[in-house]
Amino acid sequence: LGPYVPAKDLEPEAILKAMTLDEKISYLSGINNFCIKPIERLGVPSAVCADATSGIRNIVVDGTILPCGMAMAASFDKDLIRKAARVVARDGRRAGISILLGPGVNITRIPTGGRNFEYYSEDPLIAGKMAAYTNRGTMKYGVYSYAKHFLLNDQENSRAGIFCWANEQSIRQIYLRAFEQYVYEGGKGFMSSFSRIGSVWTGAHGFLNTVCRDEWGFHGVVITDWINPQLMPVNAGLRGGNDLWLLHNTSIDASATCNQTPHDGIALLKRAAKNILWVCANSNCVWTEEEYAELGVNVDFSQMGYTNI
């Protein structure tokens with residue numbers, strides 16, 4: 001991707017109007033696995049993502065490894081969670097990271113859940129509060145957090161496309177509650193899951209629009225959990241509220257969306273691109289070296305390339 005260049009005064013609306021259709025199509029898919037693509041013609045930098053539930057995982061960096069989410073949540077100490085999140089965000093920022101793919105707020109329904117260690121609690125209020133204070137901590141360094149995995153992602157065995165059935169009461173009172181708390185306290189990012197709600201992939205399910213955006217006022221980005229083209233169709237995902245596909249093989253499907261449904265395909269692409277641009281414009285993508293120095297972080301942009309991705 002080349003050297004990091006901060007885009008001060010990034011204006012999403014102006015950039016959206018200047019983007020070509022091909023740029024909008026391309027913008028929906030990641031590059032180098034964990035990066036949002038740059039739009040070099042318009043001066044929009046790349047935003048680098050990293051898994052980070054207990055520390056920075058997929059970027060080579062001398063960082064801090066923290067206790068698992070469940071152990072930290074057992075302290076019931078929100079300020080501790082905020083401080084821990086600051087540590088991770090500071091580590092990440094030194095490696096050029098703007099987005100953390102976490103915290104995990106799925107419910108620990110059974111003791112044998114394969115990723116229970118990443119999640120905070122069997123209590124959705126505790127999980128939501130801890131996620132909210134994680135977000136408060138990371139934003140000190142302009143790093144966004146993406147609460148995951150939306151929704152009903154409570155087992156690892158056969159999680160790719162598993163049909164999960166629940167009534168609306170249990171979904172709202174248990175499984176949505178943590179995400180709701182996260183949004184009410186400032187959360188701006190979700191990661192959709194591999195699973196399905198009923199028979200519909202979570203990224204294409206109406207909950208992302210009707211509940212998260214319309215009811216809660218969620219204003220941010222929804223990104224896929226890795227990618228599986230057979231399970232995560234772009235056309236249906238754009239309609240359901242998913243904005244960004246993490247890997248780079250999405251552009252063909254996004255282009256097909258315009259051809260298959262020309263009456264609204266371009267509008268869907270535009271909405272998704274706007275959401276992605278908004279997050280980039282409000283992250284540390286637009287910070288200068290001086291702004292980092294004020295927080296005690298020494299960043300040399302000339303050395304901040306992405307050859308380590």
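Everything numeric in this text was worked out from a predicted model, so none of it was measured.
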I197/C164 under side chain to side chain contact (heavy atoms under 4.5 Å, CB included): CA gap, chis, key distance, verdict
CA-CA 5 Å; I197 302 173; C164 300; over 6 Å; no

Is any side-chain heavy atom of [X] closer than 4.5 Å to a side-chain heavy atom of [Y]?
| X | Y | answer |
| --- | --- | --- |
| Y27 | V44 | yes |
| S193 | L151 | no |
| H219 | W278 | yes |
| R115 | Q155 | no |
| V222 | L244 | no |
| C35 | C49 | no |
| P233 | W201 | yes |
| M70 | N116 | yes |

Side chain of [X], backbone of [Y]: donor and acceptor closer than 3.5 Å?
| X | Y | answer |
| --- | --- | --- |
| S26 | D22 | no |
| D225 | F194 | no |
| N167 | S170 | yes |
| T53 | G102 | no |
| T210 | G206 | yes |
| S75 | D77 | yes |
| E215 | C212 | no |
| K24 | A273 | no |
| E11 | E13 | no |
| R57 | A52 | no |

Go through the steps to decide whether M191 and F150 satisfy the test side chain to side chain contact (heavy atoms under 4.5 Å, CB included), and finish with yes or no.
CA-CA 6 Å; M191 174 184 280; F150 189 96; over 6 Å; no

Does [X] belong to the same Ile/Leu/Val/Met/Phe/Trp/Tyr cluster as [Y], with side-chain heavy atoms less than 4.5 Å apart forming each link?
| X | Y | result |
| --- | --- | --- |
| W226 | M232 | yes |
| V200 | I162 | no |
| V234 | I266 | yes |
| V143 | V87 | no |
| L80 | V88 | no |

Under 3.5 Å side-chain donor-acceptor pair for [X] and [Y]:
| X | Y | result |
| --- | --- | --- |
| S46 | K37 | no |
| R93 | Y292 | yes |
| S192 | T202 | no |
| N275 | R271 | no |
| N284 | S98 | yes |
| R109 | Y119 | no |
| R41 | T20 | no |
| T134 | Y182 | no |
| E180 | Y184 | yes |

I need the [X] [atom1] to [Y] [atom2] distance, nearest 0.5 Å.
| X | Y | atom1 | atom2 | value |
| --- | --- | --- | --- | --- |
| E168 | R172 | CD | CZ | 4.5 Å |
| L152 | S195 | CG | OG | 6.0 Å |
| L100 | D51 | CG | CG | 9.5 Å |
| I107 | D154 | CD1 | CG | 7.0 Å |
| L295 | K140 | CG | NZ | 5.0 Å |
| F76 | M130 | CZ | CE | 7.0 Å |

What pair of heavy atoms forms the shortest contact from [X] to [Y], and how long is it?
| X | Y | value |
| --- | --- | --- |
| A18 | E23 | O-OE1, 4.1 Å |
| A47 | C285 | CB-SG, 3.7 Å |
| P124 | I174 | CB-O, 3.3 Å |
| G203 | L208 | O-CD1, 3.7 Å |
| P67 | A71 | CB-CB, 4.2 Å |
| Y120 | P103 | OH-CB, 3.4 Å |

Could you go through T261 and R239, starting from their C-alpha distance and side-chain angles, then the distance that decides it, and tell me whether this counts as side chain to side chain donor-acceptor pair (under 3.5 Å)?
CA-CA 11 Å; T261 54; R239 296 175 190 283; 3.0 Å; yes

Which of these, L176, L125, V105, I126, sits in a side chain to side chain contact (heavy atoms under 4.5 Å, CB included) with Q181?
L125

Could you walk me through whether K274 and D243 pass the salt bridge (charged side-chain N to carboxylate O under 4.0 Å, His left out) check?
CA-CA 9 Å; K274 180 180 178 180; D243 302 302; over 6 Å; no

Does the ring center of F207 lie less than 6.0 Å from the ring center of W216?
no

Are F190 and F179 an aromatic pair, judged by ring center distance below 6.0 Å?
yes

Side chain to side chain contact (heavy atoms under 4.5 Å, CB included) assessment of I99 paired with V48:
CA-CA 6 Å; I99 295 168; V48 182; over 6 Å; no

Begin from the C-alpha positions of L28 and L238 and carry the test side chain to side chain contact (heavy atoms under 4.5 Å, CB included) through to its verdict.
CA-CA 10 Å; L28 268 60; L238 288 172; 3.5 Å; yes

Can you pull the side chain to side chain donor-acceptor pair (under 3.5 Å) pairs that have at least one residue in residues 123-133, sequence neighbours excluded?
K129-E185, Y133-R136

